Amino acid sequence: MPDVSSIEVEQLYGELRAEAEAGGYHLNPDQAMTRQLLNGLLVNEKRYGYPSCPCRLATGNKDEDLDIICPCDYRDPDLDEYNACYCSLYVSRAAAEGKAKIGSIPERRPPREKRLKTKTEKKAPTLTSLPLPVWRCKVCGYLCARDGPPEVCPICKAKRDRFERFI
Ligand code: SF4
């Protein structure tokens, strides 16, 4: 296993915490667990060349692992539904403030065969066949395509209730 120093972990911790807070996200306040997960991310970065999810088995083929490079494609829906991402590295504001409990989080990532099938079948979407709704921040105009609006606008920090469905 590649060596990771505590200095590297501390550096990543500082960077990710600042980035997360600036974008309306929150790292898990359990510092020991968070540092362990960051250690896992750094090990994976050294091993594969990219920081794949520390709670999932990567293939080492970046193209196949793109959806689980941290932050993974599944973070936001898991935050919305379970107050934490699959590893619990990221948590919702309510969980960060101790107002929501974090339980076990089921794996949202589809099985490999399904992922490969979806990839080969994917056609360019038209405006009426978009795979996800588009949400618009009424305060600053930020647009994002996802199942629901984010907890906080990463640009102007307006709360979820200031979003409207755009498409
Ligand atoms: S589950 Fe959490 S830690 Fe794992 S890749 Fe997704 S966001 Fe990162």
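In each ligand, atom 1 is the first atom listed, and ligand 1 is the first ligand listed. What you see is a predicted model, and the numbers here were worked out from it, not measured in a lab. Just the heavy atoms: all of them, side chains too, but no hydrogens, waters or symmetry mates, feed the values below.
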Validate the cation-pi geometry between R75 and Y25: distance from NZ or CZ to the six-membered ring centre under 6.0 Å, angle to the ring axis within 45°.
->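 Here R75 passes the 6.0 Å and 45° test against Y25.
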
List ligand 1 atoms under 4.0 Å from [X], heavy atoms only on the residue side.
{"X": "C53", "value": "1 (S), 4 (Fe), 5 (S)"}
{"X": "C85", "value": "1 (S), 2 (Fe), 7 (S)"}
{"X": "L89", "value": "3 (S)"}
{"X": "C70", "value": "3 (S), 5 (S), 7 (S), 8 (Fe)"}

Is the closest basic N to carboxylate O distance between [X] and [Y] below 4.0 Å?
{"X": "D161", "Y": "K138", "result": "no"}
{"X": "K117", "Y": "E113", "result": "no"}
{"X": "R160", "Y": "E151", "result": "no"}

Do any of the N, O or S atoms of C72 sit under 2.8 Å from atom 6 (Fe) of ligand 1?
->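 Looking at C72, which is the residue asked about, there is an N, O or S atom under 2.8 Å from atom 6 (Fe) of ligand 1.
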
So do C153 and C140 have their SG atoms closer than 2.5 Å?
->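 C153 does not pair with C140 as a disulfide (SG atoms not under 2.5 Å apart), so no.
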
So is Y90 in contact with ligand 1, going by heavy-atom distances below 4.0 Å?
->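 Yes; Y90 lies near enough to ligand 1 that a heavy-atom distance drops under 4.0 Å.
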
